[in-house]
Trainee: 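Structure in structure tokens, see below.
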8 protein chains.
Amino acid sequence: SRNGAPEVIFGQGKTPTQMVEIMGSLASRSSNVLATRVQNAAIEPILAAFPDATHYPASRLIALQRNVPAPATTNVAVVCAGTSDLPVAEEARITAEFLGSPTVAVYDAGVAGLHRLLASIDTIRACRVVIVVAGMEGALPSVVGGLVDAPVIAVPTSVGYGASFGGVAALLGMLNSCASGVSVVNIDNGFGAGFLANRINRL
Amino acid sequence: SRNGAPEVIFGQGKTPTQMVEIMGSLASRSSNVLATRVQNAAIEPILAAFPDATHYPASRLIALQRNVPAPATTNVAVVCAGTSDLPVAEEARITAEFLGSPTVAVYDAGVAGLHRLLASIDTIRACRVVIVVAGMEGALPSVVGGLVDAPVIAVPTSVGYGASFGGVAALLGMLNSCASGVSVVNIDNGFGAGFLANRINRL
Amino acid sequence: SRNGAPEVIFGQGKTPTQMVEIMGSLASRSSNVLATRVQNAAIEPILAAFPDATHYPASRLIALQRNVPAPATTNVAVVCAGTSDLPVAEEARITAEFLGSPTVAVYDAGVAGLHRLLASIDTIRACRVVIVVAGMEGALPSVVGGLVDAPVIAVPTSVGYGASFGGVAALLGMLNSCASGVSVVNIDNGFGAGFLANRINRL
Amino acid sequence: SRNGAPEVIFGQGKTPTQMVEIMGSLASRSSNVLATRVQNAAIEPILAAFPDATHYPASRLIALQRNVPAPATTNVAVVCAGTSDLPVAEEARITAEFLGSPTVAVYDAGVAGLHRLLASIDTIRACRVVIVVAGMEGALPSVVGGLVDAPVIAVPTSVGYGASFGGVAALLGMLNSCASGVSVVNIDNGFGAGFLANRINRL
Amino acid sequence: SRNGAPEVIFGQGKTPTQMVEIMGSLASRSSNVLATRVQNAAIEPILAAFPDATHYPASRLIALQRNVPAPATTNVAVVCAGTSDLPVAEEARITAEFLGSPTVAVYDAGVAGLHRLLASIDTIRACRVVIVVAGMEGALPSVVGGLVDAPVIAVPTSVGYGASFGGVAALLGMLNSCASGVSVVNIDNGFGAGFLANRINRL
Amino acid sequence: SRNGAPEVIFGQGKTPTQMVEIMGSLASRSSNVLATRVQNAAIEPILAAFPDATHYPASRLIALQRNVPAPATTNVAVVCAGTSDLPVAEEARITAEFLGSPTVAVYDAGVAGLHRLLASIDTIRACRVVIVVAGMEGALPSVVGGLVDAPVIAVPTSVGYGASFGGVAALLGMLNSCASGVSVVNIDNGFGAGFLANRINRL
Amino acid sequence: SRNGAPEVIFGQGKTPTQMVEIMGSLASRSSNVLATRVQNAAIEPILAAFPDATHYPASRLIALQRNVPAPATTNVAVVCAGTSDLPVAEEARITAEFLGSPTVAVYDAGVAGLHRLLASIDTIRACRVVIVVAGMEGALPSVVGGLVDAPVIAVPTSVGYGASFGGVAALLGMLNSCASGVSVVNIDNGFGAGFLANRINRL
Amino acid sequence: SRNGAPEVIFGQGKTPTQMVEIMGSLASRSSNVLATRVQNAAIEPILAAFPDATHYPASRLIALQRNVPAPATTNVAVVCAGTSDLPVAEEARITAEFLGSPTVAVYDAGVAGLHRLLASIDTIRACRVVIVVAGMEGALPSVVGGLVDAPVIAVPTSVGYGASFGGVAALLGMLNSCASGVSVVNIDNGFGAGFLANRINRL
Ligand SMILES: Nc1ncnc2c1ncn2[C@@H]1O[C@H](COP(=O)(O)O)[C@@H](O)[C@H]1O
Ligand SMILES: Nc1ncnc2c1ncn2[C@@H]1O[C@H](COP(=O)(O)O)[C@@H](O)[C@H]1O
Ligand SMILES: Nc1ncnc2c1ncn2[C@@H]1O[C@H](COP(=O)(O)O)[C@@H](O)[C@H]1O
Ligand SMILES: Nc1ncnc2c1ncn2[C@@H]1O[C@H](COP(=O)(O)O)[C@@H](O)[C@H]1O
Ligand SMILES: [Mg+2]
Ligand SMILES: [Mg+2]
Ligand SMILES: [Mg+2]
Ligand SMILES: [Mg+2]
Ligand SMILES: [Mg+2]
Ligand SMILES: [Mg+2]
Ligand SMILES: [Mg+2]
Ligand SMILES: [Mg+2]
């Protein structure tokens, strides 16, 4: 990791043995290591090898934080519509927290229930960066983007069925957002959104 | 036309000669004929052959109405975000009017400018059926659908560029709408929306 | 739920614990709650927590109806070709019934066996709204739409293989229907069709 | 051409000069030559070089027939819904005729107007092979296939707009036909259907 | 079944109970019943209920033949490249046999090993209809189509990986065949090919 | 425009008359107006009506700036590989400049010529936000993202042919970037990138 | 150009002025310059500015060769089926020649006319590298690959219509080739094939 | 196998019994047999039947080498970014070794960590052919291709999630590579790359 940033392991498709090995090797170079998309079979071996690591089941993250970063002085908002998108929202939120950005979660703000979003809008506007997570039609970032001036990082999720095509409908909706100030990361890439949000939050 | 409904001609891909011939043949069977997607070259010949026909340039419609239908007693709302989607919105609106449904146009209601939509919401709620026309991310029907109880007919348009894929992004957004009570017609199918809206409005 | 409508839970991707919690919370606000796409593991816990709830195995619905809605005075037809599309057809039919619309099921009407459809056509014509469910080539809504004047809600299903692409072939067929008065909901979205049919049926 | 069959030239993307040259070269080997998809610029040069050639404008075919094949004793039906699909239907029909199969055209048989199809069904049933041409949702081959016992050759056309995707919707509909005895050729491939129909008709 | 043809059941997505019920109901109307895509769990129940039925494991077919059809006097060739495409090839072959068409199997004829195909070409040419089954690039029907005069029914299979996209590459290859006389059925639709081949073989 | 930001017009699909009207109406509300994707026919009428407007031919922008914004104190880098991507790069750069962010252009940095990119890397690293514009395989943002710590806004372009699919290849490449800190806007959306870059640059 | 290789300009989307400027700048650094996909408007200006340049109309190439490379001692075969694929085949062939590899053209070898291919197979086998160009179903590289031991570079072309999808069918066919020793370049990328063939030919 | 090359079995979709049978039959004709994509259930039976066969678990290969080929005198480089792409990289590497080409593995060269790639570039440049394996955005072959003169064989992998679409993003990136001298094989086709690399390496 150039310049002291934490190391990150992409857990998908790695065996438990590989995970423990890579985590050990990275931990010897950097005090903070974050593993994403940790597969079920790898959780126990990692926690056994690194007893000071923390597992976040909802987001499939394991964090090893031996050196707490100086906290940022401004906040990152994480907005989503509800239970279904929560794993990705939490992946984004915990990543940002791990990197030292305080977060504010607004998790009941759906497009079809505007009043709940409007009730939280001042909370969201008080943040410096806004992550918006949405599946199905992916309209939430456009609506939020029209209400705030902060940069919006849109995260499409694979939540849905039929013509949601595993997140493609949400992804396309976000790329075509008519609101300015919105950019997009890969489907279900909560990690990428949290990482970028912290980057921007610390500028 | 079974049961006295007007006849409709699909103008795309038909020569001016074919258009005039078919229009004449239909006009002899039914007092009202609507031609959609009329190509430029066919306009003059049709208007010359049918001097009592009306041409609507913005929507590429030509209407021959020799027998005004009994007007419906309730209204159809047609909602869109602005200039770009206007041709499709007008195709829907004029079709509904042609079939005897009074319409209410709300043409400046974009997702990224919620205040304008909210300012018109009572007007929309006063209608019995709501047509929502949108291109790009196609989020408007979800937002409107969450605010009204009437059936919402969503019309994706091919307005946009890049990953809008000629209306596919909007179409997918609408099919995946998280608002209940929304159904969808083909990309740019203003006619189909207006026809169905009148059907429902007259139930 | 604005204006006393029942609450609906989207069961896919929710844990049994989440389902029971959300159902309890909604039941405290609204007398009627419908859970769709209920996963197998959640059925027992929900029925244990809500002994007055009804489970409909064929359609993956669980309904809690503590306040029977005033029945509509007109009927909704639900049409499909046979056994394969039945789960989606039943999801539509039971949703409409749950919301108070009487339904008429015509479940053996395939495009390649027109005589059976024609034998039922008067039954279908007697309904105020028609839901047509079809997989594979999705041609049934066009044929039905050409025979009835009622609004047709087309539901593509993921039934098929090969170039049916999980319902895409049926979806595209329905969006391109040459019959007027047809609109479309998402692949396998029986709930959405039943909800909208009741909306229209009660206008 | 192995075994005396006529030679065929694919006219798309060939210059007028190339067309005349190839046509001359083939005409010296085979008494009958058919050029398909002849581009506008090539028509005059070909007709000038081969005064006994016949141009069929609606189908973009040019036929040079110096040796009339023995006519088949059974007929090929060509069925479509109307004006828009006519160019492809005519390409199929004239190809079959050119190869010696008498044809019967039924050109007003749409899925949404079943009564017209049913009125012609005996005519169609009297044929040995049936070509069905359809754009938009491409449902016609399924309906016809359910009514006849002859092999059905389905030809999707690029007629339509929006989610017809240049004929893909019709193609998928036909590939997923629930009627047995249906096979499919490429979008707009009237030539291929006419060629195969004659092959089967002469078995 | 109009005109005494056997009845066919589509086994995919049907429960064992549904299979036995439908099979019984059809067997009471028609002496011959063919079940395709029979799921593993349904095999035993069906064979228990219909002891005179035959199960073909390689092709997932179960045939109940109580009335042997008059055999056709000409043959159907079934051509494929090898082990991987065999299930689909056998589905086609047994369907044709079940309907009374004698078949000839040429199962080692790959495009990249032309000598084996050429060694069998006279056998294939002696047949009245040719079914060609191929996965991956789907080139075999074009090569065979260039060597024979009989109608060729091309069956793409889902055999392959990566950019074969579950049979789409083979399907597209076959639809774009430069050989005349080739038509195509759905991916993995051995049944449809066998049915149509018998139809043509009996003309 | 909430909070004094400039107004923006999307020029695509608008008639010259509509452009002049909308521009006038916006100019009366906001001192700064930017028109994007201005079609050729609209340029003269706009410049005639607004003599103080500036036209940027390479990027299809017309800017009316009557109130120069306070310049940002940090820079935005705009990186691309060369001539082909220049229109989109310039759209991004001029948008950022129009909004008051000084920009640094590095326009000869292709992935296949790393030495040129490495020669400019210190210039790029000195900027607070980096826009990377790339067509074809869209690999440049990943390479740049691995070399800088600033947030990277990736803009896919429609430059390319064949399997570039109008920018889809580049878009997918960028969404799947293995470098952290990268987010993506729509294909050819230079405006969106410039707008967001200024937003972030002013935090 | 590292290591004395010729410089190449991608002509698509470049203005005549840009072409002349870039060509001049490259010619001052390297004695040999090749411009690909030269647009019509740029031909005259380039030939006027570089009178010793050669224009190859069929392949849209302009070559400036001031230093003839040492010829390779082995040959590159370029194989295609006929007139339609010729522009891409010639782009490949002339590129290879320009780089010093002698070429052998076999331009009448279609998959549906195997005898012509087999008649030329010894000529092809005598070459060290084989380029195979094909549109429509793209089967030719598989057939050739099965007959030769040399590396085969497959070039899909956009020739075709309907489900050829601008070369996608051919591309997929080639990527899924069952013949070993085949690799693929972009649709219509004759230049890339010729460049790589020369690279391999000179090993 | 024409000309004494080893025989290869495609293990996917073959039963253990089929594998053992085919392997035995091929081993009787050729001294060297390679089985690819060997499914887990087939490993034991094959090793039991052929005790001198070697199983390579990481790459799903089983090799039976009874006649060691004369080793090539030049090397093949195999380059990838890390753990995730290793199975495909190893399939390529072992295939090339099996065919007698010595290989050099560079397995930690990611696009976002250029310094590691640059540290190994001389090792790579010393090879005669370079295989580059990459998932996600597939940018590595472009970067490597710009740094070496050897032919580059690009292998996209299905590693990734979301918009990687099972390797499609990487495949498209590679087909659109702006580096010359790059060609592409199917997604996850390590075998094809190793086979072709050996072919070229032995020229
Ligand atoms: N969930 C994730 N999505 C996208 N990129 C990731 C994710 N987790 C880790 N990464 C990136 O992958 C790199 C580690 O990949 P690896 O070496 O395969 O563990 C990190 O530097 C991150 O940039
Ligand atoms: N099967 C379904 N398909 C589409 N939308 C649904 C479905 N079931 C429920 N919904 C919608 O999803 C909302 C509930 O989502 P959730 O809060 O995730 O349970 C409801 O208000 C419905 O509008
Ligand atoms: N419209 C068409 N669609 C598909 N294939 C065609 C068509 N016209 C001609 N062909 C085939 O293309 C071959 C001639 O191609 P060419 O040599 O390029 O003129 C003929 O043998 C036909 O099999
Ligand atoms: N027809 C072509 N297809 C693909 N790549 C090309 C083509 N022509 C040139 N190139 C590549 O594009 C580079 C030049 O691009 P440019 O600087 O935009 O002219 C050359 O170095 C070639 O590698
Ligand atoms: Mg905003
Ligand atoms: Mg609503
Ligand atoms: Mg109707
Ligand atoms: Mg039939
Ligand atoms: Mg043939
Ligand atoms: Mg970075
Ligand atoms: Mg070979
Ligand atoms: Mg290179």
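Below, read A as the first sequence line, B as the second, and so on, with proteins coming before strands; counting in each chain starts at 1.
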Trainee: Suppose a student defines contact as a heavy atom less than 4.5 Å from any heavy atom of chain H. Which residues in residues 185-192 of chain G would they list?
Mentor: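 Residues of residues 185-192 of chain G touching chain H at under 4.5 Å: G/V185, G/N186, G/F191.
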
Trainee: Mind running side chain to side chain contact (heavy atoms under 4.5 Å, CB included) on G/L175 and H/L171 for me, showing each step along the way?
Mentor: CA-CA 10 Å; G/L175 286 168; H/L171 170 63; 3.8 Å; yes

Trainee: At a 4.5 Å cut-off on heavy atoms, which part of G/V8 comes close to chain H: side chain, backbone, both, or neither?
Mentor: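 Nothing of G/V8, per the 4.5 Å heavy-atom cut-off to chain H.
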
Trainee: Is it the side chain or the backbone of G/I153 that comes within 4.5 Å of chain H heavy atoms, both, or neither?
Mentor: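 No part of G/I153 comes within 4.5 Å of chain H.
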
Trainee: Heavy atoms only: give me the nearest G/S180-H/F195 pair and the separation to one decimal.
Mentor: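 Closest heavy-atom pair between G/S180 and H/F195: CB-CE2, 3.3 Å.
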
Trainee: Pick one: which of G/L196, G/V155, G/V184 meets side-chain contact (heavy atoms from CB on, under 4.5 Å) with H/S183?
Mentor: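 In the set G/L196, G/V155, G/V184, the residue that makes a side-chain contact (heavy atoms from CB on, under 4.5 Å) with H/S183 is G/L196.
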
Trainee: Counting heavy atoms not belonging to G/N40, are there more than 12 under 6.0 Å from its CG?
Mentor: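 At most 12 heavy atoms, drawn from other residues, nucleotides or ligands, come within 6.0 Å of this atom.
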
Trainee: Going from CG on H/L203 to CZ on G/R202, what distance comes out if it is rounded to the nearest 0.5 angstrom?
Mentor: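 These two atoms lie 14.0 Å from each other.
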
